[in-house]
Amino acid sequence: MAHYLYSKEELPEGFKYPLSFLKICSKQDVLDLEPWWFLYEFENFAKQWLFELKKQYPTRKLIPFAKASNTDDIVCFDGSDKSGNPKVYFVHAFASSRWENRGSVCNFDEWLKQAKEESAQYKAEMAELDKI
């Protein structure tokens, strides 16, 4: 099953996905980063979040690529970046404009490192709860 990436028409002109992101997308098995999940797994969700973020924050060029299952937090590439190594923004969907920003990291690799650490901690906490 092919993973879904936004079409050239859906992306801001000149935007390039980071190669490390494309490498992960090209693998058959989806990387388990619970509570984060990649939007490329579900075309309808990917398109829905792209549309929703454009509607909510029309002045920003956000390209959503992952969502937290336990919050309305979404991670997005900076669509105005044409370097192929865009900044990654943490966006709290449905927050009022200018209140949606939950920080950023310099690129996808930095986000992936943080997401792996967060996932390990989350899974450890869930395992502890299962023991109760």
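The basis for the numbers below is simple: all heavy atoms, side chains too, and nothing from hydrogens, waters or symmetry mates. Along the sequence shown, the residues carry numbers beginning at 1.
Of all non-hydrogen atoms in I74 and P64, the two that sit nearest each other are CG2-CB, 3.7 Å. Listed here is the closest heavy atom pair of S20 and F108: OG-CD2, 3.3 Å.
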Under 3.5 Å donor-acceptor pairs involving side-chain atoms of residues 11-19, not counting sequence neighbours:
residue, atom, partner, partner atom, Å
K16, NZ, K82, O, 3.0
Y17, OH, Y6, N, 3.3

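In this structure the side chain of L5 reaches within 4.5 angstrom of the side chain of C25, judged on heavy atoms. A 4.5 Å side-chain heavy-atom check between V91 and L62 finds at least one atom pair inside the cut-off. In this structure, I24 and L112 have side chains that are in contact, with non-hydrogen atoms separated by less than 4.5 Å. For the pair P86 and N107, the minimum side-chain heavy-atom distance is 4.5 Å or more. Within the 4.5 Å cutoff, side-chain heavy atoms of P35 are placed close to those of E118. With contacts defined as side-chain heavy-atom distances shorter than 4.5 Å, the pair F38/L33 qualifies. No side-chain heavy atom of S119 sits less than 4.5 Å from a side-chain heavy atom of W36. In this structure, D72 and K67 have side chains that are in contact, with non-hydrogen atoms separated by less than 4.5 Å.
Between the E10 side chain and the S7 main chain, a donor and an acceptor come within less than 3.5 Å of each other. K23 contributes no side-chain N or O that, together with a main-chain N or O of K27, makes up a donor-acceptor pair within less than 3.5 Å.
Other residues, nucleotides and ligands contribute only 12 or fewer heavy atoms inside 6.0 Å of the NZ atom of K113. Open room surrounds CZ on F45; 12 or fewer heavy atoms of other groups in view lie less than 6.0 Å from it.
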Exercise. What do the steps show when you test V88 against C76 for side chain to side chain contact (heavy atoms under 4.5 Å, CB included), and what is the final call?
Worked result: CA-CA 6 Å; V88 170; C76 305; over 6 Å; no
For this session: Quick one: do L31 and K116 satisfy side chain to side chain contact (heavy atoms under 4.5 Å, CB included)? Show the steps, please.
Result: CA-CA 10 Å; L31 188 59; K116 285 177 178 179; 4.3 Å; yes
Problem set entry | K47 and Y4: CA distance, side-chain angles, deciding distance, side chain to side chain contact (heavy atoms under 4.5 Å, CB included) verdict | CA-CA 10 Å; K47 288 183 173 195; Y4 177 76; 3.0 Å; yes
Problem set entry | Test salt bridge (charged side-chain N to carboxylate O under 4.0 Å, His left out) applied to D78 and R60, step by step | CA-CA 8 Å; D78 176 0; R60 299 185 71 183; over 6 Å; no
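Only one option out of F90, F77, F42 pairs with F65 in a ring pair (Phe, Tyr, Trp, His ring centres under 6.0 Å); it is F77.
Legend: side chain to side chain donor-acceptor pair (under 3.5 Å) pairs involving residues 84-98, not counting sequence neighbours, sorted by first then second residue: D73-H92.
There is a path of hydrophobic side-chain contacts, each under 4.5 Å, that joins L53 to F94.
Remark: D81 does not engage K61 in a salt bridge, criterion side-chain N to carboxylate O under 4.0 Å.
Here the straight-line distance linking atom OG1 of T71 with atom CZ of R102 works out to 9.0 Å at 0.5 Å rounding. To the nearest 0.5 angstrom, H3 atom NE2 is 13.0 Å from L39 atom CG. Atom OH of residue Y40 and atom CG of residue L22 lie 10.5 Å apart, to the nearest 0.5 angstrom.
A donor and an acceptor atom, one from each side chain of E125 and Q121, are located under 3.5 Å apart. Using modelled atom types, one finds a donor on one side chain and an acceptor on the other under 3.5 Å when comparing Q56 with E52.
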